[in-house]
Number of protein chains: 2
Amino acid sequence: MRKYKISEIVVKRLPLYLRCLTYLDKMGVPTISSHELGHKLGIKPSQIRKDLAYFGEFGKQGIGYDVSYLRGEIRHILGLTEHIKVAVVGAGKLGQALSDYILLKREDFDIAAVFDRDPAKIGMEVGGVKVSPIENLKEIIQEKEIQMAIVTVPANAAQKVVNLLVDAGVRGILSFAPIAVTVPEGVRFYNVDFTMELQSLAYYLTGQGKNEY
Amino acid sequence: MRKYKISEIVVKRLPLYLRCLTYLDKMGVPTISSHELGHKLGIKPSQIRKDLAYFGEFGKQGIGYDVSYLRGEIRHILGLTEHIKVAVVGAGKLGQALSDYILLKREDFDIAAVFDRDPAKIGMEVGGVKVSPIENLKEIIQEKEIQMAIVTVPANAAQKVVNLLVDAGVRGILSFAPIAVTVPEGVRFYNVDFTMELQSLAYYLTGQGKNEY
DNA sequence: TCATGTGAAGCTATTCACAGCA
DNA sequence: TGCTGTGAATAGCTTCACATGA
């Protein structure tokens with residue numbers, strides 16, 4: 001057990017490293033230096049070395065990092081050694097796209113359940129499973145011991161759905177709903193809102209940052 | 001013109017404030033203090049005050065901020081005073097979901113063109129426009145003076161598509177492709193990869209951060 | 001009194017620079 | 001020589017604390 005806490009900003013970079021290492025591994029690249037990896041990712045080599053050094057000594061002096069080995073170590077750190085069950089709430093186009101992508105990729109995550117409120121969607125096959133009515137959410141999540149969920153419902157339903165998930169025991173939520181949601185202590189909540197991304201891009205294109213670099 | 005550069009981390013918080021202010025405005029809330037706003041967003045009041053103070057003096061002592069006025073000021077700072085034209089490349093489920101959402105919301109952005117490589121998709125109506133073949137990308141983007149694009153193509157096509165967009169003159173790109181892409185100086189590139197988000201969630205649920213708070 | 005705007009302090013993150021090892 | 005791992009230095013961000021104004 002580590003005695004100090006790793007900052008979230010470091011944890012968020014690990015998947016970035018992992019994505020690149022997985023690609024390199026598939027390409028058959030045996031080793032990579034922090035310098036080369038940093039170049040590919042637009043990150044300083046010293047930062048990569050420091051990030052990795054929080055978790056162990058994975059490199060070899062004079063050589064760099066063994067791609068396949070480092071990939072495995074990062075997967076271990078992130079807890080991806082066995083597939084993690086995920087529930088998806090909201091079987092609209094976005095929910096379908098995300099679920100089907102996870103099913104297709106067959107890596108790290110399994111869609112264990114998909115929920116929707118709309119009776120017309122119940123029974124449809126999404127992400128390899130049949131869509132269930134949201135009324136059965138707690139029962140199914142507890143039965144299958146699902147601890148992570150993706151929320152793709154409209155803004156006005158997001159807080160309600162998050163409350164249901166938390167009540168069912170889910171401890172990590174990734175929401176695509178464009179609204180602020182509150183969760184109790186002990187639940188980790190991430191929000192991906194692509195309109196917010198577009199708005200910050202706008203700052204640099206048409207807003208006050210348009211002449212900046 | 002401001003003499004110092006605003007950090008990206010501040011720019012990325014403005015859309016968060018904006019989203020909440022838009023909601024409050026719709027609810028008819030006339031004013032809000034940095035304390036209340038911070039409470040809703042899980043951000044310290046002092047941070048909100050400092051962020052806003054970079055751009056002007058928008059508040060009133062003893063009262064707080066006028067919701068509607070501050071909303072307008074942030075929209076102005078971000079360059080959202082008139083609708084921004086956006087191209088979407090990739091008319092799969094994800095591209096459709098994002099395009100249709102933008103069309104439906106009718107705020108800040110307009111879908112000016114949607115492109116796909118698949119002949120079966122050409123002519124389909126997505127986001128209120130007909131899908132065009134990717135061969136016409138440069139021509140259409142230049143004719144319509146589109147400067148922002150959303151990329152929802154598979155990983156193996158992402159770099160090629162980004163190159164096309166940059167060549168056509170696009171200066172801001174939001175990619176949903178799960179791969180590292182490089183862009184030349186002068187082009188702003190954001191990557192939204194939901195599997196990376198899930199992986200960092202995993203760190204706290206099943207990985208080495210599972211006992212942290 | 002209440003809440004902003006802001007200099008100063010405190011804290012966190014990044015980068016440098018180099019000892020040490022293959 | 002080439003590259004890691006790491007203490008030290010720097011840079012950047014957040015929070016405090018309070019003068020000021022409504």
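Numbers restart at 1 for each chain; the letters A, B, ... are given by sequence-line order, proteins then strands. Because the structure is predicted, anything quoted here is derived from the model rather than measured.
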Exercise. Between A:Asp116 (side chain) and A:Ala91 (backbone), is there a donor-acceptor pair under 3.5 Å?
Worked result: yes

Problem set entry | For chain B, the stretch of DNA chain D it reaches, first to last nucleotide, under 4.0 Å of its heavy atoms | D:dC13 to D:dA22

For this session: Can you sort out the partners of B:Lys93 under side-chain hydrogen bond (donor to acceptor under 3.5 Å, both in side chains), two or more places apart, ordered by chain and number?
Result: A:Gln96

For this session: May I ask you to say whether B:Glu8 pairs ionically with B:Arg188, meaning some side-chain N is under 4.0 Å from a carboxylate O?
Result: yes

Exercise. Which residues pass the ring-ring contact (aromatic ring centres under 6.0 Å, His included) test with B:Tyr101, sequence neighbours left out?
Worked result: A:Phe194

For this session: Could you check which residues of residues 6-16 of chain A get a heavy atom under 4.0 Å from DNA chain C? Sort them by number, please.
Result: A:Ser7, A:Ile9, A:Arg13

Problem set entry | Residue B:Lys160 excluded, over 12 heavy atoms near NZ under 6.0 Å | no

Exercise. Nearest heavy-atom pair of A:Ala177 and A:Val153: which atoms, and what distance?
Worked result: CB-O, 3.6 Å

Problem set entry | Nucleic acid contacts - residues 35-57 of chain B versus DNA chain C, non-hydrogen atoms under 4.0 Å | B:Arg49, B:Lys50, B:Ala53, B:Glu57

Exercise. Does any pair with a residue in residues 11-51 of chain A pass ring-ring contact (aromatic ring centres under 6.0 Å, His included), and if so which ones, sequence neighbours excluded?
Worked result: none

Problem set entry | Start and end of the DNA chain C segment that chain B contacts, any atom under 4.0 Å from a heavy atom | C:dC2 to C:dA8

For this session: Measure across B:Leu80 and A:Ala202 and return the closest heavy-atom pair with its distance rounded to 0.1 Å.
Result: CD2-CB, 3.8 Å

Exercise. Are A:Thr22 and A:Arg71 close enough that a side-chain donor and a side-chain acceptor fall under 3.5 Å?
Worked result: yes

Exercise. Pairs in or reaching into residues 154-192 of chain A: which pass ring-ring contact (aromatic ring centres under 6.0 Å, His included), with residues at least two apart or in two chains?
Worked result: none

Problem set entry | Under the salt bridge (charged side-chain N to carboxylate O under 4.0 Å, His left out) test, residues paired with A:Lys12 that sit two or more places apart | B:Glu197

For this session: Identify, with sequence neighbours excluded, every residue that meets salt bridge (charged side-chain N to carboxylate O under 4.0 Å, His left out) alongside A:Lys144.
Result: none

Exercise. Going by distance alone, is a donor N or O of one side chain under 3.5 Å from an acceptor N or O of the other, for B:Gln47 and B:Asp51?
Worked result: no

Exercise. Which ones in residues 63-73 of chain A lie close to DNA chain C, meaning a heavy atom under 4.0 Å from one of its atoms?
Worked result: none

Exercise. Of all residues at least two apart in sequence or in a different chain, which pass the side-chain hydrogen bond (donor to acceptor under 3.5 Å, both in side chains) check with A:Asp66?
Worked result: none

Exercise. Is A:Gln142 reaching over with its side chain to a backbone N or O of A:Glu139, donor-acceptor style, under 3.5 angstrom?
Worked result: no

